[in-house]
S.K.: 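Okay, handing you the structure first.
Index from 1, following the sequence.
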Amino acid sequence: MKFDAFVLPFTIGLIFLLGYLAVKYSLWFIRLEKQAKSKVIGGFFSLKIFPALAEIVWESLLHRKIFKKNRLLGFMHMSLAFGWFLLIAIGNLESRVYEPSAMNPPYVPIFFKFFNSNPGVFPLHSVFSFVMDLLLLLVLAGVTLAFAKRIYSRAYGMKRTTKLQPGDRIALTALWCIFPLRLLAESLTSAVFHGGDFLTGTVGNLLSFLPADKLYYPAWWAYSLSLGAFFVCLPFSRYMHIPTEVVLIFSRHFGLTEGIRRTPVTEIEINSCSRCGICLDTCQLSFAGGIQNIQSAYQLKAIRYNNIRPQETFNCLMCGRCESVCPVGIDISNIRMITRNELNGRVPDPTFGSQTMPHTRKADVIYFAGCMTHQTPSIKKAMTAIMEQAGVNFWFMDESGGLCCGRPMMLAGHREQAEIMIAKNRKMILDSGASTLVTSCPICYKIFSQEYDLNLKVVHHTQFLLDLAERQKISLVHNAGKVVYHDPCELSRDIRIYDEPRKLLGKMYKISSSEYEKDNTLCCGNSLANFSASNEVRRKVAVDACEKMKVSEASYLVTSCPMCRKAFEKVSEAPVRDIAELVQHSIQKNQQHVSSSIKKIHRPAQAVIG
């Protein structure tokens, strides 16, 4: 068996890393519930394994999602990940072809050109030599781009990169050294034994003025040391995401999901964060509010290293913009909710809505306005007027008070109290015998549809009003002018209701499109989920959103959330309306038009009679 002492740093580092990962992942598996364990075991012996492997190739090696954001950034990640993977895979193949029957320890392919400095002629020798040089060049290109990104991140579509901690810095330094040292070691060996190809051979010739015969051995030691240092540092740095992201992809395909409390799945997600920094620039509290230390990458890091601070945990709009761009697909909002729940009691207990209990009434439809709609009375007036005009048999559940839907309590980290509210509300809803529950607030819609387990149809009022219009229960008229439609965060990114509001609004106005819509919509800044932002920060977020949506050029800024309406009406140059208000206005305009037409028909007849 081929061996030299310089392989020890690499070998020790690799054994430490594999041992650490084996223990860590085993503990996560042991702590899974029985049903989740069955899903993992069954997943490996099912067809689910194939889409999981495909996603690992697309996202962990080729970094497709990052390519979509920025090609240069995508190429940087791909060249490092896929290039290194191929160096290992083809290097193993090369060593097997060269010595098919010999024992082949893991270090032999890594240091192949040391142990086989003059390989002579073996099958496809020239092809292997060329390919390995080409892959090394690919990885070196990635290292160069990664270094440049630290100096000028704007070229990669990023205004900022994440702040590094000591473990990250050591691992990053080791990573940046690995491949230049490999090039140096192989090139110096080539200069001595004349065995390199287009890259290592050329560099070896350029270094021929050096005493290569004395330097090539220390270069192999340096290369081995850098590999060993990286392997030892990996579990304690952000590079833990490299192996754990693979575990996350498997677990996701096998049906493991986040719960309402911390589980091993939560820890897998937290350790899968690469702190790539993509979430930094998408945060409105960053680019509009000027707050730079609370973004998801930092929150996940704080959770992982048990350095959680309530002020940062609760200073988040929970708008989901970071989640929509996360290349790993981490369920960031849920993890922040779990953390808030764990911190329950360290922040003031907020009070939401009236505690007066309404009397249950039998009806076909329940209308639940919600706390914020009560603070925006024009919306609930419009909704009740529309339903009366359409002849809907409805019960205005919280007309004169009632319990909050519970979502704000959950956002504040008071899940147990929220569950008490949910149980009381749920009983009243089911006792009514209604077949449909209509909400005006997207926050209410989200919790009614996801947490209440109701055996009835839950719809947002944009969906309900569109249905009334399409069944000709209400008649709308088209108006002149263009409007900007703002997608409320929880209605769009969370629940993915994009088309119904636009179809409804399109029956009344022409809609201006914007790059800041649907998945890329902007928060109004007035989020109930944030318990720390000042009024000034909230105002800055709202002003910035209006500027980006170009509302000054529109007849109206239209939204379908009472909270967004209140936030924007304080700063918008254009009048702000909820979509229900415009529907009510359009119905009235149509009725006036019909009434006017009837008068015109009757006037000539009256003149003849007179």
S.K.: Any idea how W220 and F114 line up, ring-wise: parallel (<30°), tilted (30 to 60°), or perpendicular (>60°)?
M.R.: perpendicular
S.K.: Tell me whether R538 contacts the main-chain N or O of G525 through its side chain, where contact means a donor paired with an acceptor under 3.5 Å.
M.R.: yes
S.K.: When you measure from the side chain of S60 to the backbone N and O of V57, does any donor-acceptor pair fall under 3.5 Å?
M.R.: no
S.K.: Tell me if a side-chain donor or acceptor on R262 pairs with a main-chain N or O of E267 at a distance below 3.5 Å.
M.R.: no
S.K.: For the residue pair F115 and Y107, does the interplanar ring angle fall in the parallel (under 30°), tilted (30 to 60°) or perpendicular (over 60°) class?
M.R.: tilted
S.K.: Is there a donor-acceptor contact under 3.5 Å from the side chain of S153 to the main chain of K149?
M.R.: no
S.K.: Of I242, L136, L175, which meets side chain to side chain contact (heavy atoms under 4.5 Å, CB included) against W84?
M.R.: L175
S.K.: Can N293 and K163 be counted as having a side-chain donor-acceptor contact under 3.5 angstrom?
M.R.: no
S.K.: Tell me if a side-chain donor or acceptor on S95 pairs with a main-chain N or O of P109 at a distance below 3.5 Å.
M.R.: no
S.K.: Out of R340, R336, Q299, which one pairs with T313 under the side-chain hydrogen bond (donor to acceptor under 3.5 Å, both in side chains) rule?
M.R.: Q299
S.K.: Side chains of T244 and Y25 only: does a donor on one sit below 3.5 Å from an acceptor on the other?
M.R.: yes
S.K.: Look at the side chain of N315 and the backbone N and O of S532, then say whether any donor-acceptor pair between them is shorter than 3.5 Å.
M.R.: no
S.K.: Would you say E416 has more than 12 foreign heavy atoms packed within less than 6.0 Å of its CD?
M.R.: yes
S.K.: Less than 6.0 angstrom separating the ring centers of F6 and Y223, yes or no?
M.R.: no
S.K.: Is a donor on one side and an acceptor on the other found under 3.5 Å between the side chain of R304 and the backbone of I270?
M.R.: no
S.K.: Does a side chain donor of either E258 or T266 reach within less than 3.5 Å of an acceptor in the other side chain?
M.R.: yes
S.K.: Of all the heavy-atom pairs spanning R407 and I447, show the shortest one and how long it is.
M.R.: N-CD1, 3.2 Å
S.K.: I'd like to know if R238 pairs up with E245 as an ion pair, taking the criterion as any Lys NZ or Arg NE/NH1/NH2 lying under 4.0 Å from an Asp or Glu carboxylate oxygen.
M.R.: no
S.K.: Any donor-acceptor pair under 3.5 Å linking the side chain of S79 with the backbone of F75?
M.R.: yes
S.K.: Give the minimum heavy-atom separation between L183 and V203, together with the two atoms involved.
M.R.: CD1-CG2, 4.2 Å
S.K.: Within a radius of less than 6.0 Å around CZ of R31, do more than 12 heavy atoms belonging to other residues, nucleotides or ligands occur?
M.R.: yes
S.K.: Centres of the F111 and F10 rings: under 6.0 Å?
M.R.: yes
S.K.: Ion pair present between K113 and D197, side-chain N to carboxylate O less than 4.0 angstrom?
M.R.: no
S.K.: Does the pair D544/K540 count as a salt bridge with the N-to-O cut at 4.0 Å?
M.R.: no
S.K.: Would you tell me whether R493 and N520 have side-chain atoms, one donor and one acceptor, within less than 3.5 Å of each other?
M.R.: no
S.K.: Decide if atom CG of L47 counts as having more than 12 heavy atoms of other residues, nucleotides or ligands within a radius under 6.0 Å.
M.R.: no
S.K.: For Y298 versus T162, what's the shortest heavy-atom pair and its separation?
M.R.: OH-CA, 3.5 Å
S.K.: Checking T189 side chain against A185 main chain: does a donor-acceptor pair fall under 3.5 Å?
M.R.: yes
S.K.: Tell me if a side-chain donor or acceptor on H63 pairs with a main-chain N or O of E59 at a distance below 3.5 Å.
M.R.: yes
